[in-house]
Amino acid sequence: MIDEKLTGVFAEVVRRNPGEPEFHQAVREVLESLGPVLAKNPDLAEYKVIERLCEPERQIIFRVPWQDDSGEIHINRAFRVEFNSALGPYKGGLRFHPSVNLGTIKFLGFEQTFKNALTGMPLGGAKGGADFDPKGRSENEIMRFCQSLMTELYRHLGEYTDVPAGDIGVGTREIGYLFGQYKRITNRYESGVLTGKGVEWSGALVRTEATGYGTVYFVREMLAARGETLDGKVCVVSGAGNVAVHAVEKLVELGAKVVACSDSTGFVVDEKGIDIELLKTVKLHERGRLCDYAERRPDAVYRDRGSVWEVPCDVALPCATQNELTGRDAATLLRNGCIAVAEGANMPTTPEAARMFQEAGIAFGPGKAANAGGVATSALEMQQNASRDSWSFEYTEARLAEIMARIHETCFMTAEEYGAPGNYVVGANIASFLKVSRAMVALGLV
Ligand code: GLU
């Protein structure tokens, strides 16, 4: 429930942003936690901090024309929503997916602002992307699209201004083409303008693995707070992209057993435990489908009907996309005895499902805390770029684990302080809100 002092703010957000249900959902989820904060800090209402936070500082929408391999011309629409720069330069990924629209990017940029604050790094919040579908596109088509997009976007970027990275549909390959075009147009080898770069050309070790690994570290902390460990836990992970695959890898490394994962075509159940090397080969290197995995793994079963959440588990990690885990899925998971859920993707749990997990009292890690390891490691990449240094895998991973433990601690303590012990949604929303809003007040009315 939204506190009555904030219902007007929310109504105004809905009125001013029509047809953007995901953005409304993300805002509502934060506002629902903020009642007790306003009671303790009445000055924040006077400064209209919440109203300011709900309005992006700048929104850029532009045309991306490009030619496919047969010479046909295509027109896509791209976005960069620079949400908030109170804590540092705008920072957040780019998403290439046919479903992308302004509302999607606004919800992601809003979430990113709070997530980035939780990392403790000097990062503002932004998100961008395009309604471009990379599926089935050739290497050259992807390159031409990235070059065309950057030909407009470059003027809005800079290591002290706005620093994009990857998200769904954008990985090291795309960041390479984007960086190459930025470098060509500006005549500057400005490493710190993008993160998620290849390690051979000023990228950082662990950045690729960081979101998935970080989510698992967050689960480890949530379980430890309840006197549990990951050892022997049965896990289900949705998705089979960069986040999901590396979450599977770290779960296995920490002694858990991952019995199922999914992609946009279906899911596999592998009771003996997912073969991580085969999964990486099929999904990350060959860019194939999970049925190709099942074909090469005789004991695995591929299903193109039903939901991956029907597979019984102790720990569930939704790592695919927004609103993929519904109230019905939550009921199934709870019935099957699931004790922990952490969001590797951004807002993968519907509001109904999130409420059910919180009411059941299981450990529920919201994305802005649980998946913050990705952007935190982007900040580590920026540090390495600024000092023209590169750190070892072990050192960087230790930093990531430390950061995730600190985020967990912050959320845990804040939830306790505000009378909601064990509720990481409340803890994450309040802790990050306080951090951003104090900076906004300090910087004046800008
Ligand atoms: N897209 C990622 C996220 O959702 C990473 C953003 C970044 O590294 O800037 O946090």
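Note that these values count all heavy atoms, side chains included, but never hydrogens, waters or copies made by symmetry. Note that the structure is a prediction, hence the values are computed from the model and not measured. Both ligands and their constituent atoms are indexed starting at 1 by order of listing. Residue numbers count from 1 along this sequence.
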Within residues 105-117 or reaching into it, pairs that qualify as salt bridge (charged side-chain N to carboxylate O under 4.0 Å, His left out) - sequence neighbours excluded: Glu20-Lys106, Glu111-Lys368

query: Any Lys/Arg nitrogen of Glu352 or Arg328 sitting under 4.0 Å from an Asp/Glu carboxylate oxygen of the other?
result: no

Indicate every side-chain donor-acceptor pair of residues 117-132 with a distance under 3.5 Å to a residue at least two apart or in another chain.
residue: Thr119; atom: OG1; partner: Asn116; partner atom: O; Å: 2.6
residue: Thr119; atom: OG1; partner: Met121; partner atom: N; Å: 3.1
residue: Lys127; atom: NZ; partner: Gln112; partner atom: OE1; Å: 3.0
residue: Lys127; atom: NZ; partner: Asp167; partner atom: OD1; Å: 3.0
residue: Asp131; atom: OD1; partner: Asn76; partner atom: ND2; Å: 2.9
residue: Asp131; atom: OD1; partner: Arg77; partner atom: N; Å: 2.9

query: Considering the options Asp270, Asp263, Thr281, which one meets the side chain to side chain donor-acceptor pair (under 3.5 Å) requirement together with Tyr293?
result: Asp270

field: Every residue of the protein that comes under 4.0 Å of ligand 1, judged on heavy atoms
entry: Lys91, Gly92, Gly93, Gln112, Lys115, Lys127, Ala165, Gly166, Asp167, Arg207, Asn346, Val375, Ser378

- request: Could you check if a side-chain atom of Trp391 sits within less than 4.5 angstrom of a side-chain atom of Leu205, using non-hydrogen atoms only?
  value: no

query: How would you list, by chain and number, every residue that makes a side-chain contact (heavy atoms from CB on, under 4.5 Å) with Ala415, sequence neighbours excluded?
result: none

